[in-house]
Peer 1: 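Next up is a structure, given as structure tokens.
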Number of protein chains: 2
Amino acid sequence: MNCMFSSTTFYLYSIIHYICHMKTKYTIKDIANLAGVSKGTVDRVLHKRGKVSQDALEKVNKILEEIDYQPNLMARSLKNNKIFSICILLPDPNSDPYWLPCIEGIQNAKAEFMPFNISLETFFFNPESTKSFLEINSIIIKKSPDAVLLVPLFFKETLNVIEKYNASKILVTTFNNQIQSKSIKSFVGQDLIQSGRVAAKLLDTILKKGDIAIVHINEVFKNAIHMQEKEKGFRNYFEEINGSKYKIFTCKLKHPSFKKDLIDFLENHPSISGIFITTSKAYQVAEVIEQIDNSKITIVGYDLLDKNIKYMKKGIIDFLINQNQKRQAYLGTIGLIEHFIFNKDISNKLLLPIDIVNTENAKYYTA
Amino acid sequence: MNCMFSSTTFYLYSIIHYICHMKTKYTIKDIANLAGVSKGTVDRVLHKRGKVSQDALEKVNKILEEIDYQPNLMARSLKNNKIFSICILLPDPNSDPYWLPCIEGIQNAKAEFMPFNISLETFFFNPESTKSFLEINSIIIKKSPDAVLLVPLFFKETLNVIEKYNASKILVTTFNNQIQSKSIKSFVGQDLIQSGRVAAKLLDTILKKGDIAIVHINEVFKNAIHMQEKEKGFRNYFEEINGSKYKIFTCKLKHPSFKKDLIDFLENHPSISGIFITTSKAYQVAEVIEQIDNSKITIVGYDLLDKNIKYMKKGIIDFLINQNQKRQAYLGTIGLIEHFIFNKDISNKLLLPIDIVNTENAKYYTA
DNA sequence: TTTTTTAGTGTGTTCGAACACATTTTTTAC
DNA sequence: GTAAAAAATGTGTTCGAACACACTAAAAAA
């Protein structure tokens with residue numbers, strides 16, 4: 001067995017703080033020798049395969065209690081030599097470029113675990129069609145992968161397919177949006193209420209006077225819960241600080257009358273000095289603001305789309321909040337891979353940082 | 001050999017976009033069979049161990065060109081069964097709590113690669129003593145680890161020890177601050193000039209009028225280059241935008257006269273509406289500002305120390321910039337581990353995001 | 001008592017890479 | 001032409017876990 005020692009050394013001029021992160025490594029053979037049985041018996045005890053006498057069981061368990069046995073996962077993986085297959089399902093980036101960074105995140109995860117036998121397959125569904133979501137899920141089920149990572153855009157349909165996956169004993173984890181159901185074992189994403197609070201704090205810091213508009217730009221089937229939660233957190237922030245000096249208006253816009261409606265809204269509310277856009281389409285608002293040349297309005301929006309960054313550089317959008325899709329997909333994938341290869345637990349809720357982005361630090365989040 | 005297929009499927013209602021990230025896996029035995037030689041010969045070719053005829057060499061190389069051979073790292077690691085030892089050297093967190101998160105980052109890295117034979121040893125030096133830095137480095141050299149990750153606080157001494165490490169064929173990488181020398185093979189940290197620009201942009205966004213003070217709080221041996229570069233970036237931002245409306249003052253403070261000097265400075269410059277503190281001691285400035293009850297001054301500082309966050313929650317500090325020490329140490333460690341285990345290249349310069357932190361997203365960066 | 005069953009135990013093989021070593025082939029020397 | 005040296009090639013073992021299989025011993029059935 002390999003053994004490492006931990007020590008603290010004193011030296012002439014300063015105490016050397018020395019932290020050793022190594023542990024003693026035991027093998028099954030070591031345990032067998034210590035317990036006075038054969039490795040086969042130890043193996044049977046470890047895997048609870050039965051056919052072990054009470055006497056031998058006790059001898060092995062005694063040793064197992066004394067030492068901290070950590071199986072060599074390299075050896076296990078080499079022996080099993082199983083190709084773990086993971087299917088990933090997300091909305092088609094052709095329908096919405098928001099999803100494009102996810103592919104990069106998945107590829108990064110794959111690259112990182114290249115030496116392992118991992119099969120990753122990415123599927124896209126039409127974010128405006130529950131039918132497409134269901135269909136592609138049934139295709140994935142037919143492939144019977146070991147696990148599925150998906151974006152559960154549609155509540156009912158998601159619960160539906162998860163039931164089917166469970167029946168086929170396929171592990172399912174989710175990212176992007178959180179479905180409130182005990183059938184969801186794992187979620188990677190952001191706390192949208194907190195996200196709204198971050199936006200609120202930003203506007204609260206910048207604005208000196210005037211009122212605030214929360215702008216929802218509605219798209220077909222872009223789940224409204226997202227926007228609602230962000231608004232909830234946003235308003236919640238101002239309710240908490242007693243005596244908010246701002247009036248907060250909610251403005252729901254929809255294409256094709258979007259532009260006209262926004263201009264009307266701003267004309268009817270000349271006191272507006274700050275706008276919080278709850279979707280990634282802040283550039284659409286910025287476009288209008290630029291045209292009506294209202295440079296005194298502070299804008300906070302979401303996501304590092306090229307168009308958003310363009311208007312941020314122009315000084316029309318002040319802050320963007322990074323929803324970190326790439327990292328969501330990356331961590332969702334990594335979580336499954338490490339679960340299969342290293343037997344790691346899958347965290348049932350992983351909340352990513354809500355990054356505040358301005359012109360000067362944008363490049364670090366887009367790269 | 002294991003083989004996976006890539007395909008594109010058309011479906012009734014929508015095209016299924018299908019990306020397969022799997023590659024065919026060959027073994028040495030496969031190559032031997034394909035080339036018509038024995039696995040020993042293939043092994044000799046792969047490791048350039050010689051004793052191979054021209055004929056056999058060509059046969060094997062032909063196959064190697066045709067296929068993409070990726071050695072099974074589990075098998076390699078299992079056979080070699082080498083314990084890679086990495087020593088990490090950073091300033092003592094007892095001298096400056098700034099370094100505390102680094103330990104967590106190192107432990108995370110260790111935990112992530114627990115199944116591998118990695119020995120991590122962390123050493124601390126006194127950040128105010130070049131002697132301590134040199135001494136502990138010589139202790140590390142005596143342990144002859146496979147690699148060293150260190151914080152090169154002192155320029156001359158760092159070049160000195162790197163030479164010794166090179167002589168002992170010990171790989172050295174650095175984090176926290178960048179030493180400008182070709183002998184540095186790898187650096188993980190932040191672009192300090194860009195960091196100053198982020199702060200500048202923040203104040204530019206918030207301030208409506210008044211002037212700005214750059215405050216350097218000098219500590220013994222806290223390398224001045226850090227502060228200089230941040231100031232450079234900060235001023236550079238305002239120089240670039242033609243016609244900055246702010247006057248920018250630089251204010252160097254030093255204990256023990258710190259408090260008095262700061263109060264004097266503010267009294268002499270009543271126009272100051274924004275302060276940029278280039279070190280992690282923003283709380284010390286905030287303390288004074290709170291006492292003189294000047295709530296109209298916007299403060300931007302560095303690092304998520306408890307005291308800084310406390311004053312941010314009080315509304316005295318507006319933004320903190322996260323220098324991300326934890327992640328720096330984490331990525332520096334990961335880089336070395338992956339280099340040894342997966343033969344990955346070590347990136348010679350890894351610039352981390354410059355995170356903008358307010359009260360609402362702070363918890364995601366401290367956790 | 002002998003045979004069959006079954007519980008209990010240990011041995012041997014596999015995964016893929018690495019390398020020691022044995023074997024075969026070729027070259028050089030005499 | 002034969003012996004010795006050198007070059008080339010193949011075989012076998014190891015790493016640690018997993019599991020098939022063979023084996024022993026005791027219990028049950030004949």
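Here is the naming used below: chain letters follow the sequence lines, and residue numbers restart at 1 for every chain.
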Peer 1: Distance check needed: D/dA17 C1' versus B/Lys79 NZ, whole Å only.
Peer 2: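 For the pair B/Lys79 NZ and D/dA17 C1', the rounded distance is 16 Å.
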
Peer 1: Considering only side-chain heavy atoms of B/Arg49, which listed nucleotide, C/dG10, D/dA17, C/dA18, is closest?
Peer 2: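 Of the options given, the side chain of B/Arg49 lies nearest C/dA18.
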
Peer 1: Between A/Asn81 and C/dG16, is there a contact of a side-chain N or O with OP1 or OP2 at under 4.0 Å?
Peer 2: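 So the side chain of A/Asn81 is within the cut-off, an N or O lying under 4.0 Å from OP1 or OP2 of C/dG16.
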
Peer 1: Would you kindly give the NZ-to-P distance between A/Lys29 and D/dC19, to the nearest whole Å?
Peer 2: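 My rounded result for the distance is 20 Å.
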
Peer 1: Quick one: A/Asn33 CG to D/dG16 P, roughly how many Å, whole number?
Peer 2: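 These atoms are roughly 12 Å apart.
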
Peer 1: Do A/Asn80 and A/Ser77 have a side chain donor and acceptor closer than 3.5 Å?
Peer 2: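 The criterion, which ignores hydrogens and geometry beyond distance, is not satisfied for A/Ser77 and A/Asn80.
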
Peer 1: Would you mind telling me which of C/dC19, D/dA17, C/dA17 lies closest to the side-chain atoms of B/Asp43?
Peer 2: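 Output: C/dC19.
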
Peer 1: In terms of side-chain heavy atoms of A/His47, which of D/dA18, D/dA17, C/dA18 is nearest?
Peer 2: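 The nucleotide sitting nearest to the side chain is D/dA18.
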
Peer 1: Give one of base, sugar-phosphate or nothing for B/Leu78, where a contact means two heavy atoms less than 4.0 Å apart.
Peer 2: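 Base contact.
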
Peer 1: Hey, does the side chain of A/Tyr69 come within less than 4.0 Å of D/dA17's phosphate (OP1/OP2), counting only N and O?
Peer 2: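 Answer yes for this pair, as a side-chain N or O of A/Tyr69 is under 4.0 Å from OP1 or OP2.
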
Peer 1: Students often mix this up, so state it plainly: with edges at 30° and 60°, are the rings of B/Phe84 and B/Phe340 parallel, tilted or perpendicular?
Peer 2: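 Rings of B/Phe84 and B/Phe340: parallel, as their planes differ by under 30°.
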
Peer 1: The side chain of A/Thr41 lies closest to which of these nucleotides: C/dA17, D/dC15, C/dG10?
Peer 2: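 Closest nucleotide among those given: C/dG10.
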
Peer 1: Among C/dG16, C/dT9, D/dA17, which is the nearest nucleotide to the side chain of A/Val52?
Peer 2: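 For the A/Val52 side chain, the nearest candidate turns out to be C/dT9.
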
Peer 1: Rounded to the nearest Å, what distance is computed from the NZ atom of residue B/Lys59 to the C1' atom of nucleotide D/dG10?
Peer 2: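 Going from NZ in B/Lys59 over to C1' in D/dG10 covers 13 Å.
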
Peer 1: The side chain of A/Asn80 lies closest to which of these nucleotides: D/dA18, C/dA17, C/dG8?
Peer 2: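 Output: D/dA18.
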
Peer 1: Does some side-chain heavy atom of B/Pro145 sit less than 4.5 Å from a side-chain heavy atom of B/Ile86?
Peer 2: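 Not touching, per the 4.5 Å side-chain cut-off.
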
Peer 1: Could you tell me how far apart A/Asp30 (CG) and D/dC15 (P) are, to the nearest whole angstrom?
Peer 2: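 Rounding to the nearest Å, CG of A/Asp30 and P of D/dC15 are 11 Å apart.
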
Peer 1: Taking only side-chain nitrogens and oxygens of A/Thr27, does any of them come within less than 4.0 Å of OP1 or OP2 of D/dG16?
Peer 2: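 Answer is no, no contact under 4.0 Å.
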
Peer 1: So, OP1 or OP2 of D/dA7: does either fall under 4.0 Å of a side-chain N or O from B/Ser53?
Peer 2: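 B/Ser53 to D/dA7 OP1/OP2: no side-chain N or O under 4.0 Å.
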
Peer 1: Can you tell me how far C1' of D/dA18 sits from CE of B/Met74, to the nearest Å?
Peer 2: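 Spelled out: CE on B/Met74 to C1' on D/dA18 is 14 Å.
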
Peer 1: Are side-chain N/O atoms of B/Tyr165 and B/Asn137 paired as donor and acceptor at under 3.5 Å?
Peer 2: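 Short answer, yes.
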
Peer 1: Is there a donor N/O on one and an acceptor N/O on the other, under 3.5 Å, for the side chain of B/Lys39 and the base of D/dG12?
Peer 2: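 Answer is yes: a donor-acceptor pair is held.
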
Peer 1: Give the ring-plane orientation class for B/Phe125 versus B/Phe133, where under 30° counts as parallel, over 60° as perpendicular and anything between as tilted.
Peer 2: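 Ring orientation, 0 to 90° scale: perpendicular.
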
Peer 1: Over how many whole Å does the gap from A/Asp55 atom CG to C/dA7 atom C1' extend?
Peer 2: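 Roughly 14 Å, once rounded to whole Å.
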
Peer 1: To the nearest Å, how far apart are B/Arg76 CZ and C/dC19 C1'?
Peer 2: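 Rounded to the whole Å, the gap is 13 Å.
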
